[in-house]
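All remarks here apply to the structure that follows.
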Amino acid sequence: MLQLINVNKTFNPGTVNENHAIVDFSVTINDNDYISVIGGNGAGKSTILNLISGGLIPDSGKILFDGSDVTRMPEHTRAKYIGRVFQDPMMGTAADMIIEENLALAFRRGKRRGLKWYITEKERQSYREMLSELDLGLEDRLDSKIGLLSGGQRQAVTLLMATINDPALLLLDEHTAALDPKTAVKVMELSHKIITEKNLTTLMVTHNMKDAIAYGNRLIMLDKGRIVLDISGEEKSRLTVNELIERFSASSGGELSDDALLLS
Amino acid sequence: MSFNFTSFLNSCPGALAQGILWGIMATGVFITFVILDYADLTVDNSFCTGGAVCAMLILGGMSPAVSLIFAFLSGTLAGMITALLHTKLKIPGILSGILTQLALYSINMRIMQRANVSLLKAETVISLKNIPHSIVIGAGFMVVLIAILYWFFGTEIGSGIRATGNNSRMAEALGINTDTMKIIALMMSNGLVALSGGLVAQYQGYADINMGRGAIVIGLASVIIGEVIFGKNINFAIRVLSTFIGCVIYYLIITLVLQAGLNTSDLKLFSAIVVAVALAIPALKKGKVKGGDR
Ligand SMILES: Nc1ncnc2c1ncn2[C@@H]1O[C@H](COP(=O)(O)OP(=O)(O)O)[C@@H](O)[C@H]1O
Ligand SMILES: [Mg+2]
């Protein structure tokens, strides 16, 4: 469904800070792939997601969605295929707008926006149901400003927003990293539930090796802007944390520093 | 310095009329500064553009009411230019406004062909000569404007504009064309600013090349005074109304300080101080609650 072909991205070209962040990057993501992406800090994980979403445009190479070239398609147009959750819980919602406004904005992703009222009564009903499934007590707070919610609540709402109309591709960028451990587990489980229930093609960047192993049917490891490991199916399900560390060292030819990947 | 209360009371209706008429301009500033989170400096001269267009059309024989429509349209054009400079040519927001503002000075001169055009002999919709009537007409504009804005910012597009101002990265990711939203908002805003300029020109009986100078500051002062009094967590319609009330209060304060003996030429300094203090209030309040970061 998604193909990246020989994609390159260099930040600050021609300066002392020149940084070839993504190098001759090629990958094919199939329908219903549920991929966990790992890699050390600065490996290029977020950059890859930004290239896919259209937040960044590659210097060279192609990005194909179901065979059609979207390499230069603006982010807001590409958004019709893509749901996103960012690492920062502040990023995914509009703080000064109320919960139902945020959900209604997300519900209209990929649809024409006109001069109709921003929400219908039927939508409001369905939002209330979706929120009550989160079990965070938000179903009676449709008219609360998002800014009043906790980070975990916001991230759960962002997850709803990203998946509300079944995106062709779901991008999660360390979306539990900024949460306290308990909330992180809750949001992770919620994500897994939604992804498997809706059978969403997903690219999930995570800092957590255990999560990377536990979730998804495919695992991709990045290092210095390249894929150094790409395993799926049987092979992935047999993977252990230790093995993952070994394979990382072997393929990147370097030692894994402690802070590069969290093993918790 | 002697303060005469009776003469202050006598000036109140005038301040009320001015507050309402300039309040339409302040509402334009509210749209850009508050909703879109964009400091648009086009305002200072698009205000005059509205006045100039109205004045010339009226002198050319057009009905003063119809001329207001053209004033509004001229403002939307000015806003569109600022928006295109910013969104398509990637010029920083403040600079885009400054460039259009500067260019408009020449254009306004071209429209008026001189620095000042008198309307004293012409028929106008409102006039200083009949302040109560002007207040009623102004209030009519205000009510209709509040109703339209309440509706518009509750629609899908209006909500897209609010999302763009609140979190543009999220808006883009949700498929909102943030460039288009900025263009619409800047056109609406400057349309209202120019409409206000047209009404003020008719009210005071002339259009002047400098009539909009400092308008952005008056607009900001109105928005902030309104926010300080009513807060932000109120119904959208009341938020717009609070901007009008802020503008009326601004003009009452100005009247007061003039009565107290301040010079007209001191007003700009005074206005700047009022706005600086008002803008500093959130920071000052935050300073008191140490450690809290929101
Ligand atoms: N906007 C940017 N400008 C300059 N350099 C950037 C930018 N975004 C990312 N980088 C650099 O690109 C590399 C990859 O970054 P990123 O994709 O954010 O890594 P990851 O998400 O894997 O931690 C890093 O060296 C980072 O410093
Ligand atoms: Mg990252």
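A note on names: the letters A, B, ... follow the listed sequences, proteins ahead of strands, and every chain is numbered from 1.
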> Between atom OG1 of T164(B) and atom CE of M170(B), what is the distance when rounded to the nearest 0.5 Å?
Replying inline: 8.0 Å
> Where on F86(A) is there a heavy atom nearer than 4.5 Å to chain B: the side chain, the backbone, both, or neither?
Replying inline: side chain
> Looking only at heavy atoms, which two atoms of S189(B) and G28(B) are closest? And how far apart?
Replying inline: OG-O, 2.7 Å
> For K232(B), does the NZ atom have more than 12 heavy-atom neighbours from other residues, nucleotides or ligands under 6.0 Å away?
Replying inline: no
> Would you find more than 12 non-hydrogen atoms of other residues, nucleotides or ligands less than 6.0 Å from F65(A) atom CZ?
Replying inline: yes
> Which bit of K111(A) is near chain B, if near means a heavy-atom gap under 4.5 Å: side chain, backbone, both or neither?
Replying inline: neither
> What are the two closest heavy atoms between G219(B) and M25(B), and how far apart are they?
Replying inline: N-CE, 3.7 Å
> Should the heavy atoms of other residues, nucleotides or ligands under 6.0 Å from NZ of K182(A) be counted, would the total exceed 12?
Replying inline: no
> Is a side-chain N or O of D33(A) found less than 3.5 angstrom from the main chain of T201(A), in a donor-acceptor match?
Replying inline: no
> Where along residues 112-130 of chain A does a heavy atom come under 4.5 Å of chain B, listed by residue number?
Replying inline: R112(A), R113(A), G114(A), L115(A), K116(A), W117(A), Y118(A)
> Okay, side chain of D69(A), backbone of L64(A): is any donor-acceptor separation there less than 3.5 Å?
Replying inline: no
> Is D96(A) salt-bridged to K145(A), going by a charged N under 4.0 Å from an acidic O?
Replying inline: no
>> When you compare the side chain of R109(A) with that of P167(A), does any pair of heavy atoms fall below 4.5 Å?
In response: yes
>> Could you walk me through whether D40(B) and T32(B) satisfy the side chain to side chain donor-acceptor pair (under 3.5 Å) test, starting with their C-alpha distance in whole Å, then the side-chain angles of each, then the deciding distance to 0.1 Å, before giving a yes or no?
In response: CA-CA 7 Å; D40(B) 176 31; T32(B) 47; 4.9 Å; no
>> Strictly less than 4.5 Å between heavy atoms, which residues of residues 140-158 of chain B line up against chain A? Please order them by number.
In response: Y150(B), W151(B), F152(B), G154(B), T155(B), E156(B), I157(B)
> Does anything in residues 71-84 of chain A get under 4.5 Å of chain B by heavy atoms, and if so which residues?
Replying inline: E75(A), H76(A), A79(A), I82(A), R84(A)
>> Under the rule for ring-ring contact (aromatic ring centres under 6.0 Å, His included), what residues qualify as partners of Y215(A), not counting sequence neighbours?
In response: H192(A)
>> Whether the side chain of Q153(A) engages the backbone of S150(A) through a donor-acceptor N/O pair (distance < 3.5 Å, no angle test) should be reported.
In response: yes
>> Rounded to the nearest 0.5 Å, what separates atom CG in L172(A) from atom OG1 in T163(A)?
In response: 9.0 Å
